[in-house]
Amino acid sequence: MESLAEQYDEAMLEFSRGEYDGAIARLKAVLDAEPQHFDAQLALGMAYYRKGDYAAAIAEGRKAEQVRPQDQLVHTNLSLFYMKAGDKATAEHHGLQARISSWRTDQQAPPDARAAEPELQMAKPKLEPVKLPGKFPDMPWKKKTTGKRLPDAP
């Protein structure tokens, strides 16, 4: 028997081929074995969406929201599903929730590992100070005028 990860991978392979009915059956089998499998729940909603079954896509998207209520991708998908279903107000609500979730993840992002460990930083060349000339050279491309004035143009 396939492991849960293999079942999920097979479902995603079918999804990528456009075989949405097969993907839905496999994703449901994964969710029967592990109801909290977030990726399978999210993919199931998208498979229904690709089939054009927006009501089922919304139902599965809401289940994914129960697993991870502040996930950006959940709200992005729900916004898309509601928009296609014709519920613009709810779609805009989930679009806003997706943006808020993205701000949360930006603040919670771990600091750059290279900044935390200076010995892992790339070597930087030493910058030598630039010596400015005391006097800037003349501009040889400009002609020197001897004080004569050119006649005015007619």
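Predicted model, so just to flag it, every value in this text is computed and none were measured.
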Beyond-backbone contact of Leu27 with Phe15, side-chain heavy atoms, under 4.5 angstrom: no
Main-chain N/O of Ser3 paired with Glu6 side-chain donor or acceptor, under 3.5 Å: yes
Expected output: side-chain His75 to main-chain Pro69 donor-acceptor under 3.5 Å: yes
Pairwise side-chain contact, His94 with Leu80, heavy-atom cut-off 4.5 Å (strictly under): no
Residue of the set Glu60, Lys63, Arg68 for which side-chain hydrogen bond (donor to acceptor under 3.5 Å, both in side chains) holds with Gln41: Glu60
Minimal non-hydrogen separation, Arg62 against Leu78, with atom names: N-CD2, 3.9 Å
Test item: Glu19 side-chain N/O and Glu14 main-chain N/O as donor-acceptor pair under 3.5 Å: no
Nearest heavy-atom neighbours spanning Leu4 and His37: CD2-CD2, 4.2 Å
Aromatic ring proximity Phe81/Tyr54, centre distance under 6.0 Å: no
Interatomic distance, Tyr48 atom OH to Ile58 atom CD1 [nearest 0.5 angstrom]: 13.5 Å
Val30 versus Tyr8, closest heavy-atom pair with distance: CG2-N, 3.8 Å
Heavy-atom check, side chain of Arg17 versus side chain of Leu13, under 4.5 Å: yes
Closest approach of Val74 to Gly61 (non-hydrogen atoms, all atoms of both residues): CG1-O, 4.0 Å
Approximate separation, where rounding is to 0.5 Å, of Met12 CE and Glu10 CD: 12.0 Å
Exam field: side chain Ser101 to backbone Gln70, donor-acceptor pair closer than 3.5 Å: yes
Rounded distance (nearest 0.5 Å) linking atom NZ of Lys51 with atom CE of Met46: 15.0 Å
Student check: side-chain heavy atoms of Gln97 and Gln72 closer than 4.5 Å: no
Gap between atom NZ of Lys88 and atom OG of Ser79 - 0.5 Å precision: 11.0 Å
For Asp32, side-chain hydrogen bond (donor to acceptor under 3.5 Å, both in side chains) partners two or more places apart: none
Interatomic distance, Asp71 atom CG to Leu42 atom CG [nearest 0.5 angstrom]: 7.0 Å
Minimum-distance pair of heavy atoms, taken over all atoms of Arg26 and Ala11: CB-CB, 3.5 Å
